[in-house]
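Here the structure comes first, spelled out in structure tokens, and everything after it is commentary.
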Amino acid sequence: MSDRGIKRALSSSDMRWRERYGPWAAVTGATSGIGRAVAEDLARRGLDLVIAARRGELLDSLAQELNGRFGTETRTLAGDLALDETNDRLFAETLPLDVGLFVASAGFGTSGPLHRAQPDAELAMVDLNIRAVLKQTHHFAKRFAEQRRGGLVLLSSIVAWQGVPRASNYAATKAYVQSLAEALSHELGPLGVDVLASAPAQVASGFGARADMRMTGADPVPIARNTLDALGRRTLVIPHGKGKFLTAALAPLPRPLRVRVMATVMKGMTKHQPA
Ligand SMILES: NC(=O)c1ccc[n+]([C@@H]2O[C@H](COP(=O)([O-])OP(=O)(O)OC[C@H]3O[C@@H](n4cnc5c(N)ncnc54)[C@H](OP(=O)(O)O)[C@@H]3O)[C@@H](O)[C@H]2O)c1
């Protein structure tokens with residue numbers, strides 16, 4: 001395994017991590033929030049990166065920052081990952097690299113009753129949160145299964161546990177991701193590939209503004225660290241206390257009651273919207 005690019009000594013645990021999941025990792029949604037924090041954490045662990053999102057200037061400045069701080073190599077891919085052609089570019093550009101980890105963090109939500117939503121925005125969410133994640137996951141699962149080594153991290157959410165009124169389509173996309181990750185962890189585990197679903201609750205990121213939800217969120221840095229620390233140890237991580245609490249509080253309730261509780265939570269987060 002190449003040590004090219006690393007200009008500093010790594011701890012023995014970072015060396016082991018790099019050997020298991022490196023030397024290269026691909027991270028989508030790296031310009032903001034959880035994906036950005038994951039990219040930074042991976043560079044700290046000594047992995048070289050391919051980072052992808054739409055905003056090329058932000059990707060370039062992050063790449064420069066990571067390479068300067070951690071002595072790693074970071075390449076960028078700017079484009080709309082809801083489009084097949086952007087995913088095909090991602091696959092082509094990562095093919096010559098020894099990639100051992102893929103993190104799918106690009107995603108977005110909307111809020112409000114579905115019957116008042118713009119259908120194009122809801123379909124775009126399905127394209128990015130489901131269709132692109134499936135395409136990416138299939139590609140990297142195949143590569144990692146063939147090389148008998150690797151890790152896949154998919155961003156689920158605690159909204160995946162039941163239907164969520166006023167975020168119905170978003171919650172359904174995350175239920176898809178959660179189910180996909182759970183099943184793949186069984187398929188790929190025996191082939192040496194670790195699959196992890198990370199299901200945060202509210203995180204302070206660009207998510208709330210894009211979804212038009214008012215929410216106070218957790219710092220994405222420990223969310224990223226707890227997620228990466230769980231890879232290879234578990235198949236699901238709820239990477240912070242608020243998510244664990246909400247999950248434990250809702251779990252004993254019958255599913256229809258959980259939907260009603262989530263309706264109340266979402267009402268609070270969307271009460272600024274016109275009635
Ligand atoms: N924040 C939360 O409370 C929360 C909770 C649970 C799960 N999650 C999940 O965690 C993941 C990351 O969310 P976040 O909180 O970090 O949100 P965020 O800060 O809004 O980051 C989303 C990232 O996705 C990228 N992205 C969005 N649309 C894209 C597209 N069409 N093509 C390529 N990249 C695109 C954005 O970059 P560009 O704008 O540059 O394209 C950005 O880097 C999402 O899958 C989200 O569903 C979030």
Side-chain angles (χ1 to χ4, degrees), residues 26-41 49-63 76-87 89-90 102-111 120-121 123-137 153-161 164 167 169-178 180-181 196-224 226-227 236-240 242-244 246-247 262 265-266 269:
V27 182
T28 70
T31 50
S32 175
I34 299 167
R36 192 186 195 287
V38 163
E40 183 175 331
D41 201 314
L49 299 175
V50 177
I51 53 175
R54 290 168 304 177
R55 289 171 290 177
E57 279 179 21
L58 285 182
L59 288 174
D60 290 343
S61 65
L62 177 61
T76 63
L77 185 135
D80 184 348
L81 286 160
L83 303 177
D84 281 351
E85 67 201 40
T86 311
N87 287 290
R89 269 202 295 134
L90 175 66
F102 173 68
V103 181
S105 193
F108 75 96
T110 56
S111 67
D120 286 353
L123 289 168
M125 193 200 304
V126 171
D127 286 344
L128 184 67
N129 293 13
I130 294 183
R131 193 171 186 283
V133 169
L134 174 63
K135 191 171 166 76
Q136 295 150 4
T137 301
V153 179
L154 307 187
L155 263 298
S156 171
S157 167
I158 65 152
V159 302
W161 312 151
V164 178
N169 184 32
Y170 174 66
T173 70
K174 291 298 160 179
Y176 173 89
V177 170
Q178 178 63 38
L180 184 72
L196 176 69
S198 176
Q202 296 167 18
V203 180
S205 68
F207 180 89
R210 188 165 179 194
D212 194 21
M213 290 179 200
R214 299 273 156 83
M215 53 193 233
T216 48
D219 181 352
V221 171
I223 301 286
N226 294 340
T227 295
L236 166 66
V237 63
I238 301 171
H240 57 140
K242 187 171 190 173
K244 286 188 179 122
L246 282 170
T247 299
M262 290 309 292
V265 172
M266 278 303 297
M269 289 201 285

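Side chains included, hydrogens not; waters and symmetry mates left out as well; all remaining heavy atoms used. Whatever order the structure lists them in is the order used to number ligands and atoms, beginning at 1.
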- Taking the non-hydrogen atoms of Met215, is any one of them nearer than 4.0 angstrom to ligand 1? yes

- Message: Please check whether Pro200 reaches ligand 1 - meaning an N/O of the residue sits under 3.5 Å from an N/O of the ligand, judged on distance alone.
- Response: no

- Message: Considering non-hydrogen atoms of the protein only, which is the closest contact for atom 22 (C) of ligand 1, and what is the distance?
- Response: Gly107 O, 3.7 Å

- Message: For ligand 1 and Ile34, I'd like to know whether there is a polar contact (N/O to N/O, distance under 3.5 Å).
- Response: yes

- Message: Can you tell me if Ala30 contacts ligand 1 (heavy atom of the residue under 4.0 Å from the ligand)?
- Response: yes

- Measure the distance from atom 36 (C) of ligand 1 to every protein heavy atom, then report the residue, atom name and distance (to 0.1 Å) of the closest one. Thr31 OG1, 3.7 Å

- Query: Touching ligand 1 at all, Ser156? Heavy atoms, strictly under 4.0 Å?
  - Reply: yes

- Message: With respect to Ala201, determine whether any N or O atom, backbone or side chain, lies less than 3.5 Å from an N or O atom of ligand 1.
- Response: yes

- Can you tell me if Ala37 has a non-hydrogen atom under 4.0 Å from ligand 1? no

- Message: Does the residue Leu128 have a heavy-atom contact with ligand 1, meaning some pair of atoms that are separated by less than 4.0 Å?
- Response: yes

- Message: Checking the side chain of Thr86 only, and the main-chain atoms of Asp80 only, is there a donor and an acceptor separated by less than 3.5 Å?
- Response: yes

- Query: Among protein heavy atoms, which sits nearest to atom 44 (C) of ligand 1, and what does the distance come to when rounded to 0.1 Å?
  - Reply: Ser105 O, 3.2 Å

- Message: Checking the side chain of Lys174 only, and the main-chain atoms of Trp161 only, is there a donor and an acceptor separated by less than 3.5 Å?
- Response: no

- Query: Closest non-hydrogen protein atom to atom 31 (N) of ligand 1, residue and atom name please, with distance?
  - Reply: Asp80 OD1, 2.8 Å

- Message: Within the structure, is a non-hydrogen atom of Gly79 found at a distance of less than 4.0 Å from ligand 1?
- Response: yes

- Considering only protein heavy atoms, which is closest to atom 19 (O) of ligand 1, and at what distance to one decimal place? Ser32 OG, 2.5 Å

- Message: For atom 32 (N) of ligand 1, what is the closest protein heavy atom, and at what distance to 0.1 Å?
- Response: Leu81 N, 2.9 Å

- Item | Close-contact set for ligand 1 against Tyr170 heavy atoms, below 4.0 Å | 7 (C), 8 (N), 9 (C), 46 (C), 47 (O)

- Query: Any N or O on Ala53 sitting closer than 3.5 Å to an N or O of ligand 1?
  - Reply: no

- Query: Are Arg36 and Pro220 side-chain neighbours, meaning at least one heavy-atom pair lies under 4.5 Å?
  - Reply: no

- For Asp41, check salt bridge (Lys or Arg N to Asp or Glu O under 4.0 Å) against everything at least two apart and list the hits. Arg45

- Task: May I ask you to identify the nearest protein heavy atom to atom 15 (O) of ligand 1, giving residue, atom name and distance to one decimal place in Å?
- Result: Ser205 OG, 2.6 Å

- Counting heavy atoms only, which of Glu57, Arg54, Met125, Lys174 is nearest atom 39 (O) of ligand 1? Arg54

- Closest contact, heavy atoms only, Leu128 versus Ala82: CD1-N, 3.8 Å

Which side-chain N or O atoms in residues 196-208 pair as donor and acceptor under 3.5 Å with protein atoms at least two apart or in another chain?
unit_1	atom_1	unit_2	atom_2	d
Ser198	OG	Thr227	OG1	2.8
Gln202	OE1	Lys242	NZ	3.3
Ser205	OG	Phe207	N	3.0

- Message: As an exercise, state the distance from CZ of Arg55 to OG1 of Thr31, rounded to the nearest 0.5 Å.
- Response: 4.0 Å

- Decide whether an N or O pair under 3.5 Å exists between Ala82 and ligand 1. no

- Query: Counting heavy atoms only, which of Gln202, Arg210, His240 comes nearest to atom 27 (C) of ligand 1?
  - Reply: Arg210

- Message: Rounded at 0.5 Å granularity, tell me how far CD1 in Ile130 sits from OG1 in Thr137.
- Response: 11.5 Å

